[in-house]
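Accompanying notes for the structure given below.
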Number of protein chains: 2
Amino acid sequence: MKNRDKALARLKETLETNGLRMTQQRIEVYLAVAASGCHPCVSEVHEMVRENLPTVSLDTVYRTLWKLSELGLVAPVSSSGDRVRFDAYMRRHHHFVCARCGAVYDFDSPSLDEIRIPEEAWSLGCVWNSHMELRGICLGCCNEGGGTEEGHAEG
Amino acid sequence: MKNRDKALARLKETLETNGLRMTQQRIEVYLAVAASGCHPCVSEVHEMVRENLPTVSLDTVYRTLWKLSELGLVAPVSSSGDRVRFDAYMRRHHHFVCARCGAVYDFDSPSLDEIRIPEEAWSLGCVWNSHMELRGICLGCCNEGGGTEEGHAEG
DNA sequence: AGTCTTGTTGAGAATTATTCTTAAGAAGTA
DNA sequence: TACTTCTTAAGAATAATTCTCAACAAGACT
């Protein structure tokens, strides 16, 4: 099953289960984020979606992304100082956030993937998924102008 | 040593190390976030700081928070659909984010605290700290109106 | 296939959040 | 004390996001 088909099936199932409608706009927005190799911001998603749906409004993209987020189909990505960006988490991965430029890097880690959700968390609500968030200075910024000296111990 | 003194010492050291000045505004902003039991947004920090520095401008709070973030003294917190919020990570903890209301809950987990930063991450840059991010629906939202049915597997 | 219900959208407008500009203030050094 | 220059505040501007409401359309039912 191709990723696109998998994504569509997931979208359909989730919308149905929640009594929501499957619209072309929702399809295109979701596919845009799911197919994206990075973390697109709203206007980037808007541009992508407009290729197939030229009349789609920016507000629709906002509304759709937040609705997909509520449904767990996409999630806003931690970044530093940048407008909100989204990730469809089509595959398990973790994030490294640069404190300086705000870039968010994906990385894989089989060892981190093995970690169970601890009991303590379940008292807070229904947990859908987890990933590890790292924070520091990316290589680009390190090489650029002397990395910022970290003033914060293990967080 | 009290938390306040520890925070001040950390601020001072980090600013010095980076050739930056220690200003009253920076002190108050940092102490406000460090003393906060939750994750204050910019305007909340502004209100707190104004108690001791009534003329501080909102722009200064924004600038100071982003500068502190670059320095690793505070970090923006993942949230869903809310304006940006900050955490000083004075103590190691992890986050549970509600996909519905956007609330971010802290939780402690000794087992998660033990996790080492994997090798894969170090190729991306200099890692300062890590925490686990969980995503789901909080108890408040579950009890409120039938939790959103999750359409997304383990992320 | 047609009708109906109502969720969803788009265009235009409005609001909110954030950043810019620039002169003055102030932290820190000599 | 004088000097350098980083940092700030006030006012303005910009960018990001959300609202309003009539029209459209997804999906259920007949």
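By convention in this document, chain letters (A, B, ...) are assigned in the order of the sequence lines, proteins followed by strands, and residues within each chain are numbered from 1. Quick note: numbers below take in every heavy atom, side chains included, and nothing from hydrogens, waters or symmetry partners.
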Carboxylate-amine/guanidinium proximity below 4.0 Å for B/E70 and B/K67
yes
Atom CD1 of B/I27 to atom C1' of C/dA27: distance rounded to whole Å?
11 Å
Phosphate oxygens OP1/OP2 of C/dT18: is one of them under 4.0 Å from a side-chain N or O of B/W66?
no
Between the side chains of A/H131 and A/E133, is a donor N or O closer than 3.5 angstrom to an acceptor N or O?
yes
Nearest atoms (heavy-atom pairs only) where B/L65 meets B/V74
O-CG2, 3.7 Å
Charged N-O contact under 4.0 Å between B/D106 and B/R91:
no
Using a distance-only test with no angle check, is there a side-chain donor-acceptor pair under 3.5 angstrom linking A/T60 and A/S57?
yes
Would you mind checking if A/E28 and A/R50 are paired as a salt bridge, meaning a charged N to carboxylate O distance below 4.0 Å?
no
So A/L20, base contact, sugar-phosphate only, or nothing? Heavy-atom distance under 4.0 Å.
sugar-phosphate
Give a yes/no on whether any side-chain N or O of A/Q25 is located under 4.0 angstrom from OP1 or OP2 of C/dG10.
yes
Select from B/T23 and A/R26 the residue whose nearest nucleotide in DNA chain C is closer to the 5' end of that strand.
A/R26
Ignoring hydrogens and geometry beyond distance, is a side-chain donor-acceptor pair present between A/D113 and A/H93 at under 3.5 Å?
no
Is any side-chain heavy atom of A/R10 closer than 4.5 Å to a side-chain heavy atom of A/M90?
yes
If we count only N and O atoms by modelled type, under 3.5 Å, do the side chains of B/S130 and B/R92 hold a donor and an acceptor together?
yes
Check the interface with nucleotides 11-17 of chain C: list each N/O to N/O pair with the protein under 3.5 Å, or write none.
none

Starting at the 5' end of DNA chain D, which residue's closest nucleotide do you reach first, B/R21 or B/L53?
B/R21
Reading DNA chain D from 5' to 3', where do the contacts with chain A start and stop? Cut-off is 4.0 Å to heavy atoms.
D/dA16 to D/dG27
Check the distance between C/dT18's P and B/E44's CD and give it to me in whole angstrom.
12 Å
Here the distance between atom P of C/dT8 and atom CG of A/N18, to the nearest Å, is 11 Å
